[in-house]
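Here's the structure we're looking at; comments come further down.
Because the structure is predicted, anything quoted here is derived from the model rather than measured. For the numbers below, each heavy atom of this structure counts, side chains included, while hydrogens, waters and symmetry mates do not.
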Amino acid sequence: MKRSDDSEREKRRKRRRLIQELGEQRIPYLSPADPGFQELWDSSYAGLALRQSSALPDGLHERVQSALITLQRRGCLLRDLVRVRDRDVFTAVSRALVGQPGYTYRYLDTRLFTIPWHCEGEEGQKDEKEKPCCDSDLRDDRLLEEKQEKEKKEEEEEDIQFNITIINYMDPSAMTQLKEEPYYGMGKMAVGWHHDEDLVPLSPVAVYSYSCPAEPKKEGERSNVLGTAYNIACWRVGLKVAWDIHTPGLALPLQSGDCYYMTADLNRTHQHCVLAGETARFSSTHRVVQCCTGTLDYIKKRCSEALENLHTDPEKNTKSLKSLLPSALQRIEDIHNEVFEWLRQYWFQGRRYARFCSWWTKPMEQMEKDWKEMERMTQLLLDVVEDENTAQENRREMADVLLNALTDRQQHRQTWRDRYVCQSSLAQTLPAEEAPADRPYWSNEDPDMPLPFDLSEIINRVESLLWRSQVTKKQYNAHLFSFSFLAHLCLKTNIHHHTHHTEIHWDEWTDIRMDTGVDTGSHLDGTFYFLFPSVSFTITLTESVVF
């Protein structure tokens with residue numbers, strides 16, 4: 001999901017204000033055993049629907065639960081390194097993104113790449129050894145997940161085409177600390193309050209919940225999840241009206257095999273959290289994500305669009321830019337930065353995908369090649385900007401585009417370097433194939449790269465060039481202004497360029513100022529000194545005027 005700094009600050013501000021308003025109080029919430037629970041559900045949470053496990057098709061639970069357990073045992077469910085309040089932290093939940101080939105899902109400044117689910121009749125993408133894109137056992141699981149999705153859809157009134165599912169796994173007993181829910185006192189949270197983001201507006205979210213069987217407890221052993229009622233020991237989904245302290249919250253217990261749905265605009269107007277139960281739990285959350293900017297097809301088209309501006313001379317084997325229009329250059333440099341972000345997101349998660357799915361390997365290799373070509377295009381643009389023979393006005397416009405792009409790029413590169421370095425202690429706890437890779441990264445002396453990784457020196461060069469051109473432009477405009485002013489002065493007073501002093505009436509002076517747009521400031525003595533290339537004029541007003 002996409003989060004800007006401004007939106008994050010706004011959310012933190014709202015959260016602080018909400019906590020300040022509450023003080024030591026807690027907002028009431030209702031569970032099924034409480035009077036008024038159903039009325040509250042109907043009036044304030046009408047977009048929430050529950051389908052109990054007994055209402056689902058026979059045999060579905062066994063197949064789906066077997067698939068979920070296999071994914072977990074094969075190491076496909078991993079904790080993510082995400083960005084929370086400018087810090088990289090591990091998620092409490094292990095997860096995998098399964099869905100349409102080439103789709104991604106972004107949340108907390110982290111982009112997940114799908115393990116493509118397998119559909120009947122599809123051969124799938126092959127790797128360099130002509131093996132299927134996924135392990136055969138996992139391909140069977142992909143098929144089961146697809147069947148699960150279709151069976152859900154057949155029972156829904158709407159024909160919803162889910163394109164991804166996020167499969168989550170969490171074992172509360174393995175977590176040393178779980179945060180208390182802060183507003184209602186609902187108990188320990190496995191996942192805090194949030195909206196599901198990056199979704200098609202008004203699209204539903206369907207969640208299948210599977211709680212693992214509890215292991216027999218030793219005599220006298222107490223529950224590790226605080227609470228006295230039975231529903232505290234099972235997993236629950238909590239819901240609240242977003243940023244509302246007046247409407248009671250809702251806590252819905254989930255038995256193993258239950259499905260719940262968030263429909264209409266519930267996800268936009270409300271927030272939900274997941275309250276930890278006593279045993280380990282899987283969930284499969286089916287969603288309809290935005291596919292306009294988060295798919296492989298999209299980013300490949302963006303790469304092609306940028307590279308269309310690169311011309312290669314087949315005889316000389318030299319490269320040049322086809323168009324130098326500022327709008328075209330701006331679009332290309334924006335694409336350049338966007339592709340770099342995709343590459344960094346992919347490699348920040350190490351080689352985790354290649355362990356059990358090679359689907360993304362070749363596309364990302366090609367994307368990296370395209371990105372290197374864009375680096376060469378930036379080098380070509382820099383050469384044009386620094387060429388003294390380039391037309392002055394065009395040069396300034398191109399330099400301005402280049403400076404903005406390089407400044408953004410330098411900031412993004414530094415951010416990713418900081419993330420890589422600062423989370424190194426966290427990375428030490430990960431297997432080598434899951435540890436973040438510092439890629440793309442290269443030394444400034446790398447002969448294969450046209451530009452250095454650190455762009456500081458180049459940015460300084462472009463800034464200096466722009467500063468010099470601005471000085472030249474101001475001097476040029478000053479000469480034009482001086483010529484216009486002198487022409488009007490001569491017209492009004494019949495003086496000539498060799499005249500060094502004249503007296504002029506205030507009304508005539510006002511006309512000249514209006515005609516030329518001059519603002520002389522305040523001259524209490526009624527004298528204005530005017531310098532025109534090497535000729536000085538002293539103009540004395542015949543009336544005492546302040547202007």
Side-chain angles (χ1 to χ4, degrees), residues 48-53 55-57 59-80 91-101 103-105 107 112-119 134 137-156 160-171 190-191 194 196-199 203-213 234-237 252 254-263 267 272-277 279-289 356-357:
L48 175 68
L50 174 69
R51 178 165 289 131
Q52 295 181 333
S53 60
L56 291 173
L60 174 64
H61 297 296
E62 182 179 353
R63 298 197 306 275
V64 172
Q65 292 168 12
S66 174
L68 295 172
I69 292 172
T70 300
L71 287 170
Q72 195 266 336
R73 288 178 177 171
R74 295 297 300 269
C76 299
L77 307 182
L78 304 169
R79 295 169 67 193
D80 294 322
T91 56
V93 177
S94 300
R95 57 172 51 96
L97 180 67
V98 178
Q100 293 286 1
Y103 275 54
T104 69
Y105 181 71
Y107 80 110
L112 299 180
F113 297 77
T114 54
I115 301 171
W117 52 33
H118 181 73
C119 300
C134 295
D137 291 339
L138 300 182
R139 294 210 320 279
D140 291 340
D141 290 339
R142 299 291 84 71
L143 182 57
L144 289 176
E145 291 295 335
E146 181 74 351
K147 284 181 178 178
Q148 174 197 356
E149 179 206 14
K150 289 180 179 178
E151 286 165 339
K152 281 184 182 179
K153 287 192 297 184
E154 288 171 358
E155 292 194 337
E156 293 183 308
I160 300 301
Q161 298 293 326
F162 293 108
N163 49 30
I164 66 158
T165 180
I166 299 179
I167 298 174
N168 302 300
Y169 172 79
M170 182 180 175
D171 183 358
V191 181
H194 67 286
D196 287 340
E197 299 188 23
D198 203 25
L199 305 182
S203 64
V205 176
V207 182
Y208 178 87
S209 181
Y210 166 50
S211 300
C212 300
C234 72
W235 287 80
R236 296 168 295 153
V237 58
L252 181 66
L254 298 172
Q255 303 303 321
S256 185
D258 284 351
C259 283
Y260 67 90
Y261 304 84
M262 293 184 290
T263 65
N267 182 58
H272 60 281
C273 70
V274 179
L275 301 159
T279 64
R281 172 189 180 252
F282 291 93
S283 67
S284 181
T285 63
H286 294 258
R287 311 179 185 195
V288 188
V289 298
F356 39 78
C357 174

Hey, is the main chain of [Y] close enough, under 3.5 Å, to the side chain of [X] for a donor-acceptor pair?
X	Y	answer
T114	Y103	yes
D198	V289	no
H194	C273	no
T70	S66	yes

Roughly how far, to the nearest 0.5 Å, is the [atom2] atom of [Y] from the [atom1] atom of [X]?
X	Y	atom1	atom2	answer
E62	L60	CD	CG	10.5 Å
N267	D196	CG	CG	5.0 Å
T165	W117	OG1	CH2	7.0 Å
I167	S284	CD1	OG	5.0 Å

Looking at every non-hydrogen atom in both residues, tell me the closest pair between [X] and [Y] and how far apart they are.
X	Y	value
P204	F162	O-CE2, 3.6 Å
A96	C76	CB-O, 3.4 Å
C259	L50	O-CD1, 3.3 Å
L56	G257	CD1-O, 3.3 Å

Y208/Q65 under side-chain hydrogen bond (donor to acceptor under 3.5 Å, both in side chains): CA gap, chis, key distance, verdict: CA-CA 10 Å; Y208 178 87; Q65 292 168 12; 3.1 Å; yes
Side-chain contact, heavy-atom cut-off 4.5 Å: [X] with [Y]?
X	Y	result
L112	T104	no
L77	F282	yes
S53	S256	no

Among all residues two or more places apart in sequence or in another chain, which pass the side chain to side chain contact (heavy atoms under 4.5 Å, CB included) test with [X]?
X	value
A190	M170, W235, V274, A276
T285	I166, N168, V207, S283, R287
V237	L239, L252, L254, Y260, H272
L78	R352, R355, E434

Residues R51 and Y261: side-chain donor-acceptor under 3.5 angstrom: yes
Donor-acceptor side-chain pairing of T279 and S211 below 3.5 angstrom: no
Contacts of R281 that satisfy salt bridge (charged side-chain N to carboxylate O under 4.0 Å, His left out) - sequence neighbours left out: none
Worked verdict on I69 versus Y210 for side-chain contact (heavy atoms from CB on, under 4.5 Å): CA-CA 10 Å; I69 292 172; Y210 166 50; 3.9 Å; yes
Set of side-chain hydrogen bond (donor to acceptor under 3.5 Å, both in side chains) partners for Q72, sequence neighbours left out: none
Candidate list V93, L97, T91, test side chain to side chain contact (heavy atoms under 4.5 Å, CB included), partner D80, passing option: T91
